[in-house]
**Student:** 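Have a look at this one.
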Amino acid sequence: MKEIKTEDAIGSVLCHDITEIVKDQRKGPRFKKGHIIKEEDIEVLLNLGKEHLYVFEKDETMIHENDAAEILCNLCFNEYMKKSAISEGKIELTSTIDGLFKVNREELFKVNSFGKMMIATRQGNVPVKKGDKLAGMRIIPLVIEKEKMQQIQEKIQKPILKIMPYQIKTAGIITTGSEVYKGRIKDTFTPVIVEKLKEYGVEVTYHSLSLDDHEMTTSKINEALKLGVDLVLCTGGMSVDPDDKTPLAIKNTGAKIISYGAPVLPGAMFLLSYKGDVPIVGLPGCVMYSRRTIFDIVLPRLLAKDLITSDELALLGEGGLCLNCPVCTFPNCGLSKG
């Protein structure tokens with residue numbers, strides 16, 4: 001490309017969009033890349049503050065911003081995503097389904113530390129709905145070296161972004177607590193869980209009460225597993241009090257314990273385990289009465305069958321403190337973005 005005075009640009013072809021911003025009315029391209037400058041455009045361009053313009057001058061060693069944006073998009077784009085038209089050198093991606101949004105942070109860092117290019121995404125490991133914006137990408141200059149774009153393509157393990165559809169459709173709930181089992185108090189825990197699962201289209205196909213007795217609770221868990229539920233949730237009995245036997249009951253099913261405890265408040269006494277590929281989860285009492293807890297953080301990943309490791313749970317500590325905001329915006333907030 002070459003730079004010329006606007007007054008001398010009649011007949012030249014723009015190699016970039018020119019944005020017009022009118023306060024409280026619009027922001028967008030007034031002239032698009034490829035526009036042939038006419039005499040009547042000169043005054044408009046000068047009013048937009050454009051005393052010089054960049055017009056096309058063929059150079060085989062460089063790539064225009066639009067073509068470079070396509071390359072960056074291809075590093076991210078895959079199933080369950082829709083890409084926008086290119087505008088001002090930028091492409092945006094949106095989700096075509098409800099699902100779990102995943103970001104390969106290491107590969108994203110490689111792009112954003114490579115220079116002259118950028119990809120901005122929403123936080124990874126969060127639920128998204130159909131139509132939600134996922135990411136935007138562009139190069140910083142108007143043109144970039146072709147060799148540099150080839151290098152980043154060779155450097156990156158694709159795809160950087162992924163949408164995982166929810167796979168779990170049924171759940172079993174074992175409500176523990178002798179006081180509930182014997183009818184001394186009303187079960188107010190199960191309805192909370194049912195409502196949270198309903199948000200993701202999960203049906204509760206098994207529900208049973210259990211005494212604070214680890215053998216009985218183990219039996220109930222095994223019963224739910226035999227019925228073929230995709231997920232088992234045990235409510236209550238998760239503290240270190242002698243009467244709380246749920247962790248032992250889960251362990252005695254033969255499930256692999258991933259972690260008993262998580263650096264999230266509310267939700268420190270959370271337990272995650274797997275029996276084969278079926279998650280068996282111990283939910284602390286805070287899930288019953290707190291608006292958002294560890295359960296809200298891990299549930300989308302469980303439903304997408306995205307295997308959770310103990311290290312990933314440990315990383316939740318930074319941002320693991322819920323601030324109980326007057327207006328809750330979860331998951332669009334800082335809660336556990338570790």
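Quick note: numbers below take in every heavy atom, side chains included, and nothing from hydrogens, waters or symmetry partners.
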**Student:** How many angstroms lie between OG1 in T61 and CD1 in I144, if you round to the nearest 0.5 Å?
**Tutor:** 11.5 Å

**Student:** Does R184 have more than 12 heavy atoms from other residues, nucleotides or ligands lying within 6.0 Å of its CZ?
**Tutor:** no

**Student:** Output every pair passing side chain to side chain donor-acceptor pair (under 3.5 Å) with a member in residues 34-44, not counting sequence neighbours, ordered by first then second residue.
**Tutor:** H35-D41

**Student:** Testing the basics here: between P284 and G267, what is the closest heavy-atom pair and its distance to 0.1 Å?
**Tutor:** CG-CA, 4.1 Å

**Student:** Atom CD1 of I42 and atom CD of E7: how far apart are they, to the nearest 0.5 Å?
**Tutor:** 7.0 Å

**Student:** Indicate if L72 and M118 have the same hydrophobic cluster label, given that clusters are the connected sets of ILVMFWY residues with side-chain heavy-atom separations under 4.5 angstrom.
**Tutor:** no

**Student:** Apply side chain to side chain donor-acceptor pair (under 3.5 Å) to K220 and S210, showing your working.
**Tutor:** CA-CA 7 Å; K220 299 289 186 180; S210 177; over 6 Å; no

**Student:** Which residue is it: M149, K155, E147, Q153? I am looking for the one with a side-chain contact (heavy atoms from CB on, under 4.5 Å) to Q151.
**Tutor:** E147

**Student:** Donor-acceptor check, side chain of S84 to backbone of E92, threshold 3.5 angstrom: yes or no?
**Tutor:** yes

**Student:** Answer yes if I173 and L209 sit in the same cluster of Ile, Leu, Val, Met, Phe, Trp and Tyr residues linked by side chain heavy atoms under 4.5 Å apart, and no otherwise.
**Tutor:** no

**Student:** Determine whether more than 12 heavy atoms belonging to other residues, nucleotides or ligands lie under 6.0 Å from atom NZ of K32.
**Tutor:** yes

**Student:** Among the clusters formed by ILVMFWY side chains lying less than 4.5 Å apart, do L283 and V204 turn up in the same one?
**Tutor:** yes

**Student:** Go through it in stages, so that I can follow the logic: the residues are K110 and E107, the test is salt bridge (Lys or Arg N to Asp or Glu O under 4.0 Å), and I'd like the CA-CA distance, side-chain angles, deciding distance and then a yes or no.
**Tutor:** CA-CA 5 Å; K110 288 179 186 177; E107 300 305 299; 3.0 Å; yes

**Student:** Would you confirm whether S259, through its side chain, and S310, through its main-chain N or O, come within 3.5 Å as a donor-acceptor pair?
**Tutor:** no

**Student:** Would you say the side chain of V232 lies within less than 4.5 Å of the side chain of Y206, judging by non-hydrogen atoms?
**Tutor:** no

**Student:** Measuring from I163:CD1 to E79:CD, what's the distance to the nearest 0.5 Å?
**Tutor:** 10.5 Å

**Student:** State whether the number of non-hydrogen atoms from other residues, nucleotides or ligands found under 6.0 Å of Y54 atom OH is greater than 12.
**Tutor:** no

**Student:** Can you check whether I119's main-chain N or O pairs, donor with acceptor, with N112's side chain at less than 3.5 Å?
**Tutor:** yes

**Student:** Of the non-hydrogen atoms in M81 and C76, which two are nearest, and what is the gap between them?
**Tutor:** SD-O, 3.8 Å

**Student:** Do L303 and L231 come within less than 4.5 Å of each other through their side chains, counting heavy atoms only?
**Tutor:** yes

**Student:** Mind checking whether F31 and D17 have side chains closer than 4.5 Å, heavy atoms only?
**Tutor:** no

**Student:** With a 4.5 Å heavy-atom cut-off, do K116 and I139 have their side chains touching?
**Tutor:** no

**Student:** Provide the closest heavy-atom pair for L142 versus H16 in the form atom of the first, atom of the second, distance.
**Tutor:** CD2-CB, 3.4 Å

**Student:** Within a 6.0 Å radius of atom CD on E3, are there more than 12 heavy atoms belonging to other residues, nucleotides or ligands?
**Tutor:** yes

**Student:** Check for a donor-acceptor pair, side chain of D296 on one end and backbone N or O of T293 on the other, with a separation under 3.5 Å.
**Tutor:** yes

**Student:** Decide yes or no for S12 and L53: does some side-chain heavy atom of the first lie under 4.5 Å from some side-chain heavy atom of the second?
**Tutor:** no

**Student:** Give a yes or no answer on whether the side chain of K148 reaches the backbone of F114 with a donor-acceptor pair at less than 3.5 Å.
**Tutor:** yes

**Student:** Quick check: does any side chain N or O of S273 sit under 3.5 Å from a backbone N or O of I257, one acting as donor and the other as acceptor?
**Tutor:** no

**Student:** Within the side chain of D24, is there an N or O that forms a donor-acceptor pair under 3.5 Å with the backbone of V22?
**Tutor:** no

**Student:** Do N222 and K275 have side chains that get closer than 4.5 Å, going by heavy atoms?
**Tutor:** yes

**Student:** Treating Ile, Leu, Val, Met, Phe, Trp and Tyr as nodes and any side-chain heavy-atom pair under 4.5 angstrom as an edge, say whether F330 and V192 lie in one connected cluster.
**Tutor:** no

**Student:** Would I10 and L14 show up in the same hydrophobic cluster when neighbours are defined by side-chain heavy atoms closer than 4.5 Å?
**Tutor:** yes

**Student:** Counting neighbours of CD1 on I140 that are heavy atoms of other residues, nucleotides or ligands and sit closer than 6.0 Å, is the number greater than 12?
**Tutor:** yes

**Student:** Indicate yes or no for a side-chain donor-acceptor contact from T218 to the backbone of H214 under 3.5 Å, with no hydrogens or angles considered.
**Tutor:** yes

**Student:** Step through the shown structure and confirm whether more than 12 heavy atoms of other residues, nucleotides or ligands are within 6.0 Å of OH on Y260.
**Tutor:** yes

**Student:** Is any side-chain heavy atom of L161 closer than 4.5 Å to a side-chain heavy atom of F77?
**Tutor:** no

**Student:** Roughly how far, to the nearest 0.5 Å, is the CD atom of Q123 from the SG atom of C333?
**Tutor:** 10.0 Å

**Student:** So do the side chains of L271 and T246 get within less than 4.5 Å of each other, counting heavy atoms only?
**Tutor:** no

**Student:** Hey, could you give me the CD1/CG distance between I160 and L75, rounded to the nearest 0.5 Å?
**Tutor:** 5.0 Å

**Student:** Can you check whether G99's main-chain N or O pairs, donor with acceptor, with Y166's side chain at less than 3.5 Å?
**Tutor:** yes

**Student:** Could you work out, with side-chain contact (heavy atoms from CB on, under 4.5 Å) as the rule, every residue matching C322, not counting sequence neighbours?
**Tutor:** P266, N324, L335

**Student:** Is any side-chain N of the basic residue among E195 and K198 closer than 4.0 Å to the acidic one's carboxylate O?
**Tutor:** yes

**Student:** By salt bridge (charged side-chain N to carboxylate O under 4.0 Å, His left out), which residues pair with K162, not counting sequence neighbours?
**Tutor:** none

**Student:** Is it true that a side-chain atom of T175 and a backbone atom of T235 form a donor plus acceptor pair closer than 3.5 Å?
**Tutor:** no

**Student:** Just wondering, are more than 12 heavy atoms of other shown residues or ligands nearer than 6.0 Å to NZ in K251?
**Tutor:** no

**Student:** Roughly how far apart are E179 CD and L211 CG, rounded to 0.5 Å?
**Tutor:** 10.0 Å

